[in-house]
Amino acid sequence: MNAIDATKVSKQYSSTTALDRVDLTVEEGETFGFLGPNGAGKSTFINILLDFAKPSDGQVEIFGADCQRNGVEARERVGVLPEGYSVIERLTGRQHIEYAIRSKDAHGTNPLDILDRVGIRDAADRKASGYSKGMAQRLVLGMALVGEPDLLLLDEPSTGLDPNGAAEMRQILREENERGATIFFSSHILEQVEAVCDRVGILQNGELVAVDTIEGLRESMGGGTKLVLTLDELHDSMLTEIEGIDGVETVASLGDSTIEVTCTNDAKMDIVVALHEAGIEVMNFKTEEASLEDMFIEYTGSRGR
Amino acid sequence: MTWRDIAHKDINDAGRSKSIWLLVGILLALSLGYAYAHQYLGEETFVGFVNGLAGVIALVLPLLAVMLGYKAIVHERTSGSLLLSLSLPHNRRDLALGTFVGRSVVLLVPTLVALVLAGGLGAILYGTEGIARYPWFLFATVLFGLSFVGIAVGLSMSTTRDRWITFGALGGYLLLVNFWGLLHTMTLVILHRFDTAVLLPQNLPEWSYLYRLLEPGQAYYRLLELGFDGQRASLYVRESAPFYVDWWMAVLLLVLWTVVPMLLGYRRFSSGDL
């Protein structure tokens with residue numbers, strides 16, 4: 001059985017389309033990164049999974065339970081870190097965890113263990129409304145971990161966390177995945193996704209434009225090679241000239257006389273030869289593997305930060 | 001049955017609010033204050049005291065219930081703490097029911113405590129004749145309080161527009177507590193082409209008894225009439241009154257005032273996006 005099964009999910013707001021016939025399957029046990037720039041529709045999709053929003057068309061299932069008609073059953077096996085929440089005004093951190101324990105019938109779980117795991121045990125008996133954004137994020141992650149859920153559904157989990165906190169969060173996600181939980185999380189920050197995900201889906205303007213493993217994405221970019229070339233001199237006209245060479249995808253000047261070229265793997269030498277023929281001397285030459293960030297820009301046309 | 005978890009959370013949350021102490025203070029001050037002051041205001045019997053106290057409750061309890069409930073859901077919804085509850089395995093129906101139960105407990109426990117204390121003081125000052133029916137008064141007060149909690153929580157589910165909620169709460173209170181009698185009178189006079197003779201008790205058409213009884217406060221008094229034959233609801237026991245304005249109708253109406261606003265609010269709450 002699949003952890004998440006979405007079939008032609010669309011969401012229409014009066015005049016805008018937030019989601020356009022999204023088909024997505026997340027298998028049990030995998031860590032899936034849901035990537036896209038802000039406003040691409042990631043939260044809308046997650047909100048439909050949680051029945052915070054109703055789809056205009058299509059349907060979604062979590063472990064075979066329809067998220068709209070059978071939402072409670074679907075959520076019984078899920079730990080959630082939603083977006084745009086606020087903590088419950090007058091409850092302490094510990095009471096928040098207790099609320100989750102009670103709601104998930106996870107009696108026997110010690111709230112302090114959970115708070116310890118997410119690193120805010122010291123603040124257990126303070127009102128959560130006084131927490132910083134990062135602490136609140138840790139608290140709600142803690143609520144999500146209660147009851148060893150089979151699926152963790154996290155909307156921008158690293159929001160408000162410092163780099164250290166984000167690394168701890170990733171560590172927890174890895175541990176949960178090793179325990180057997182499926183992880184589905186959205187992010188607009190690539191390094192998060194690159195570091196932990198088995199597969200990635202890229203959402204842009206409500207459309208799922210790519211679903212693949214990170215290597216798969218690299219391959220689909222034609223090997224995804226990046227050339228960094230230092231030339232003896234650089235004129236603007238050369239950039240257009242290089243762009244015209246077969247196999248070249250993008251050309252960018254890095255200042256001085258260094259340029260960065262992304263291209264298919266087998267075009268590398270052609271470029272160097274073509275430059276030579278054009279009388280441009282190459283002083284230095286190195287290749288890099290394209291990062292996910294390059295792919296992300298390629299797919300979404302935006303620098304996702 | 002997960003509404004219990006929600007109610008538990010709601011009581012924990014609302015119960016820690018400072019305004020709860022204000023609520024407790026108001027209820028205690030008014031009930032005990034009235035119990036003491038009754039000797040200067042009315043007939044010095046226990047039954048007379050209960051009738052007087054009911055008059056105070058009929059004004060104050062709706063106000064407290066509305067204040068406690070009219071933002072219950074909408075506030076959680078706009079602030080986002082609702083998302084935490086609904087991320088857990090709760091559906092919106094349990095959330096609505098749990099919130100209603102939670103707010104009812106937060107309102108009615110202090111109310112009952114205040115009324116029991118006031119009843120004790122009343123018994124000391126005015127004698128114990130009729131005290132056996134005091135639980136009936138408490139029961140009627142609970143039903144009456146629930147109806148306004150239902151109205152308020154139902155309202156808080158109906159929309160996210162603050163302005164409508166505020167107008168609705170204020171308007172609802174004024175209409176149901178202050179102006180229903182006037183509305184009743186005006187309806188009758190207009191229907192009878194401004195012949196005010198219709199207002200004489202012997203001329204009242206039968207349906208208008210029920211119309212009058214629709215006001216939750218009247219239903220409350222009608223219930224009390226059963227145990228404390230005071231003067232507040234004598235209208236419904238006169239001979240010309242139709243049989244269906246009996247005490248059971250008062251119970252039915254109070255239950256409807258609780259349930260119908262909750263259902264209407266829930267219908268809008270359950271179908272919309274958060």
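Numbered from 1 within each chain, the chains take letters A, B, ... in sequence-line order. For the numbers below, each heavy atom of this structure counts, side chains included, while hydrogens, waters and symmetry mates do not.
Of all heavy-atom pairs between A/Ser103 and B/His90, the closest is OG-NE2, 2.7 Å. Between B/Pro89 and A/Glu76, the shortest heavy-atom distance links the atoms CB-CG, 3.7 Å. Contact between A/Glu89 and B/His75 at its shortest, heavy atoms only, is OE1-NE2, 2.9 Å.
Expressed to the nearest 0.5 Å, how far NZ of A/Lys104 lies from OG1 of B/Thr2 amounts to 13.5 Å. Atom-to-atom distance recorded for A/Asp105:CG and B/Asp5:CG is 7.0 Å, nearest 0.5 angstrom. Remark: A/His96 NE2 to B/Ser81 OG distance equals 8.0 Å, nearest 0.5 Å. One distance of note links CD1 of A/Ile101 with CG of B/Leu88; it measures 11.0 Å at 0.5 Å rounding. Atoms CD1 and OG, from A/Ile88 and B/Ser85 in turn, are 5.0 Å apart once rounded to the nearest 0.5 Å.
At distances below 3.5 Å, not a single donor-acceptor pair connects side-chain atoms of B/Ser79 with backbone N or O atoms of A/Ser86. Remark: side-chain polar atoms of A/Arg75 are paired, donor with acceptor, to backbone N or O of B/Leu86 under 3.5 angstrom.
Between A/Tyr13 and B/Asp273, some side-chain heavy-atom pair lies under the 4.5 Å cut-off.
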Go through it in stages, so that I can follow the logic: the residues are A/Gln95 and B/Asp13, the test is side-chain contact (heavy atoms from CB on, under 4.5 Å), and I'd like the CA-CA distance, side-chain angles, deciding distance and then a yes or no. CA-CA 10 Å; A/Gln95 286 169 323; B/Asp13 185 33; over 6 Å; no
